[in-house]
Amino acid sequence: MNISTTYSPIETEDKWYSYWLGKGFFHSEPDDREAYTIVIPPPNVTGVLHMGHMLNNTIQDVLVRRARMQGKNACWVPGTDHASIATEAKVVAMLKERGIAKKDLSREEFLKYAWEWKEKYGGIILKQLEKLGASCDWERTRFTMDADLSVAVTDTFIHLYNKGLIYRGIRMVNWDPQGKTAVSDEEVIRKEVNQKLYYIKYPVVGTDDFIVIATTRPETIMADSAICVNPRDERYIDLKGKKVIIPLVDREIPVIEDEYVEMEFGTGCLKVTPAHDLNDYELGVKHKLPVIDILNDDGTLNEKAVILVGEDRFIARKKIAKLLDEAGLLEKVEDYKSQVGFSERTDAVIEPRLSLQWFCKMADMAKPALDYVEDGEVKLIPEKFGNTYRHWMENVKDWCISRQLWWGQRIPAWYNANGEWVVAATQEDAIEAFNKAGQDSENLVQDEDVVDTWFSSWLWPMSVFDPSVCGHPEKEGNADINYYYPTNDLVTAPEILFFWVARMIIAGHEFRGKAPFENVYLTGIVRDKLGRKMSKSLGNSPDPIELINQYGADGVRVGMLLCSPAGNDLMFDVSYCEQGRNFANKIWNAFKLLKGWSENTVAIENAENKVAIAWFDSRFNEALVEIESHFAQYRLSEALMAIYKLVWDDFCSWYLEMVKPPYQHPADRETVAATTFFFEKILKLLHPFMPFLTEELWHDEIFGAREEMDCCIVSEYPKTAATDDKLLKEFDMIKKVVSEIRNIRNSKQISPKDPLPLAIKLNSEIDYTSYLFVLNKLANLSEIVFVDDQLKGGASFMTGRDEFFISLEGNVDPLVEFDRMSKELVYLEGFLDAVNKKLSNERFVQNAKPEIVANEQAKQADAEAKISILRESIKTLLI
RNA sequence: GGAGGCUUAGCUCAGCUGGUUCAGAGCAUCUGCCUUACAAGCAGAGGGUCACUGGUUCGAACCCAGUAGCCUCCA
């Protein structure tokens with residue numbers, strides 16, 4: 001084994017990952033054991049690992065590895081989703097590089113290229129997860145566009161359509177005129193832009209007056225259906241029932257009234273353009289206004305605009321401003337800042353556009369999904385997300401599920417020449433359905449759109465096990481789904497609580513009558529040190545693979561978790577990875593020490609070490625109880641910190657220093673055996689967080705010969721056991737005594753090499769005799785004596801009620817000691833005063849719980865005792 | 001505009017049902033150490049008006065109201 005002074009991750013990581021794979025430790029098949037299942041939130045197939053994935057998957061791996069060690073049949077199902085929009089964009093870009101335009105390809109040709117792209121570049125991210133140590137069952141890897149998962153999507157569509165839960169309707173979409181496609185809200189980047197606010201005069205019919213409207217989009221006046229004012233606006237009372245004329249095109253439109261209009265904005269008059277603005281559209285529906293769409297799909301004006309036909313919308317804007325000005329109808333132009341949406345991909349200004357889309361009705365399906373969370377059958381962690389969830393589920397909007405793309409599952413709707421349609425899995429089924437309805441079934445065409453990617457991923461916890469149950473609630477399902485479903489934990493980001501989590505609960509309820517998971521752990525957002533979200537465009541995100549190369553996978557895993565409080569955002573900084581790496585190194589070196597001992601042992605009795613061994617045994621169990629409680633509450637970073645302190649402080653700084661043989665002396669066999677045993681337990685505790693380092697050390701010969709399947713990854717996780725509380729308490733006192741002596745050394749500039757004489761004046765029940773060896777070793781004492789009277793002329797301190805004295809010839813300034821003691825006395829007197837006040841307060845004694853009053857009385861007695869000791873000490877000092 | 005959340009040491013965060021010597025941890029800082037496991041380390045120390053204002057209570061970091069600042073989601 002390597003005995004370098006630093007742990008070198010590179011040499012161990014690939015080795016053990018392939019070993020685990022080779023032995024099939026990640027693979028799961030249903031059996032008699034309790035299942036522990038996680039399905040991965042499928043990353044985008046085009047994606048590369050970013051810090052968010054890093055956090056999310058580290059958490060999942062910790063949970064899975066721990067469950068596996070607890071003897072559960074652990075199954076972590078990996079996979080990717082097809083991400084229609086992102087993937088299609090990548091394929092379009094690839095084609096462009098090869099000089100091919102998407103519009104020159106048929107759908108089939110394009111899809112061929114897309115699959116080619118997916119096979120070649122897709123799924124890089126899964127390879128990257130291996131570097132992190134993710135113990136996924138790779139034999140179960142799934143893709144949302146696998147043939148059977150696509151059938152699941154189609155069947156689900158048909159099922160919901162037949163139940164009347166899917167319908168077609170008009171909707172305003174985000175249109176990218178350059179990409180000629182609709183994009184989702186998430187792909188619209190809002191930026192503040194300097195614009196102009198144009199004040200346009202509309203002549204009022206039958207008068208010589210004008211009404212002035214402020215707009216940023218003068219090129220859309222030809223699409224106006226009305227002018228709207230607020231009914232409470234006294235400036236415009238006269239306009240009631242009047243009509244106005246759209247400048248340049250001379251079309252008459254009515255003046256309507258609606259509370260929606262903000263009187264303070266612009267002139268208080270709003271032009272209503274239902275075809276080109278979402279709010280205007282809704283206003284139009286409310287007031288039954290006609291919809292006039294004057295734009296082509298490439299952003300140029302069409303013949304409905306009457307003027308400037310064929311011009312691009314922005315050129316038209318400039319030209320129309322000029323035309324209005326020339327006609328004397330442009331009152332003024334102001335500078336104006338506002339938020340404008342840009343396409344993430346083409347950077348074109350997004351155009352709100354009406355189109356016919358497919359929708360999924362949500363209200364009825366949302367109800368049971370809300371109940372799961374309200375009733376606690378599905379737990380959201382942290383709980384605060386329950387409020388957000390309820391609010392959303394009670395105000396749920398219908399889900400627009402169609403996308404104007406090719407990459408994805410094509411909507412199973414078929415149209416005949418008369419515009420009639422049926423929903424069917426295949427063309428044959430469609431013909432049959434048309435015939436049955438007595439409708440024309442010649443020349444059928446399938447809907448050109450695909451369904452939203454979420455429409456695949458909401459089936460994920462079912463479809464990875466048995467896609468055939470999706471769309472078929474009556475089916476019993478295969479052995480896998482009956483064993484693994486419902487899964488245990490889901491680990492994901494709060495941003496997709498509604499897009500994904502809620503919908504999975506809905507789908508799970510619809511097809512299995514059960515929610516797909518018990519616990520949903522919502523991680524925070526990874527931000528940089530300055531609190532900014534990590535993003536590609538800001539360039540503030542480190543490359544996770546680079547970090548792994550630099551700090552080791554274990555170091556990065558620890559670093560991630562150290563700064564990730566449950567449910568809160570985390571301010572990531574590489575210094576956390578450094579801390580993780582240092583921790584790995586600390587463990588490595590502790591191991592080196594132990595290994596050195598085991599190579600030179602003798603069979604001698606070492607009674608002195610027995611108490612230290614008993615103490616660490618208790619301390620380990622005490623820490624384990626705390627760690628288990630953190631895990632039960634999904635407080636992973638606190639569980640990790642508790643382990644960190646157990647290892648670094650208790651094991652390395654205290655225990656190892658206590659039992660360490662003197663330099664160049666052999667170690668006794670019993671101590672080595674006990675320490676080896678402790679070390680192995682520590683490796684187990686650490687394994688879920690630091691899988692590589694622990695596996696590497698696990699196989700060292702000091703633990704004896706290992707069978708090939710005897711690996712840390714499948715070792716039995718430690719179970720809590722009884723603690724000796726008296727021993728733990730007394731050891732705390734001993735540690736305090738040691739620290740006090742070290743403190744005296746430090747402040748008096750005494751070398752740790754110079755032994756000091758210690759005198760103890762016992763005032764408590766503690767029996768120090770069994771700890772003298774430890775005291776002597778850790779504090780380097782020349783002698784320890786028990787005394788009845790306080791000693792003069794040395795340094796002194798109190799631990800509990802016991803007094804300790806160290807004679808220091810000529811090294812102590814009585815004035816300094818006096819000062820220190822006086823300060824302590826003042827503090828104690830103040831403290832006692834506060835306690836006394838409480839106890840003499842009748843209402844306190846009456847109202848407070850008895851144990852709290854008893855506690856105050858104990859505090860009082862303790863303080864009184866200490867004060868009298870201190871007073872005596874001061875007196876002694878002054879004599 | 002609607003909803004939710006956050007504010008505790010220089011930084012990142014714990015702090016349970018209001019009551020322990022309760023104001024804590026890790027990192028960073030400072031002081032002293034190359035003490036043969038570890039300088040990626042050891043030993044020790046300093047550091048806070050618990051955002052602000054008021055209220056409830058015998059008692060508030062914790063409960064209530066308001067104010068300020070920051071964040072997220074929805075529109």
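Sequence lines set the chain letters: A, B, ... in the order given, protein chains first and strands last, and positions in each chain run from 1.
Across rG19(B), rA43(B), rG4(B), the shortest atom-to-atom separation from the side chain of Arg742(A) is found for rA43(B). Distance from the side chain of Arg581(A) is smallest to rA40(B) among rA14(B), rA40(B), rC74(B). Of the candidates rC13(B), rA40(B), rG19(B), the closest approach to any side-chain atom of Lys838(A) belongs to rG19(B).
Base contact: Leu828(A) has a heavy atom under 4.0 Å from a base atom. Contact annotation for Lys866(A): base contact, defined as any heavy-atom pair under 4.0 Å involving a base atom. Ser739(A) comes within 4.0 angstrom of sugar-phosphate atoms only, judged by non-hydrogen atoms across all strands, and of no base.
With Phe651(A) as the partner, the ring-ring contact (aromatic ring centres under 6.0 Å, His included) test is satisfied by one option alone out of Phe679(A), Phe678(A), Phe591(A), Tyr644(A): Phe679(A).
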Going 5' to 3' along nucleotides 22-39 of chain B, which nucleotides have protein heavy atoms under 4.0 Å from the base (write B), which only from the sugar-phosphate (write S), and which from neither (write -)? ---SSS--------BBB-
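A cation-pi arrangement is present between Arg742(A) and Trp654(A) under the rule of less than 6.0 angstrom and at most 45 degrees off the ring axis.
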Salt bridge (Lys or Arg N to Asp or Glu O under 4.0 Å) for Glu701(A) and Lys595(A)? Distances and angles first, verdict last. CA-CA 9 Å; Glu701(A) 62 204 9; Lys595(A) 190 169 169 64; 3.3 Å; yes
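Ion pairing between Lys729(A) and Asp725(A) fails under the 4.0 Å rule for side-chain N and carboxylate O.
Side chain of Ser653(A) to main chain of Asp650(A): no donor-acceptor pair is present (N/O by atom type, distance under 3.5 Å, no hydrogens or angles).
With P as the reference atom, rU53(B) and rA60(B) are 15 Å apart, rounded to whole Å.
Between Trp648(A) and Phe583(A), the two ring planes are parallel [angle under 30°; tilted spans 30° to 60°].
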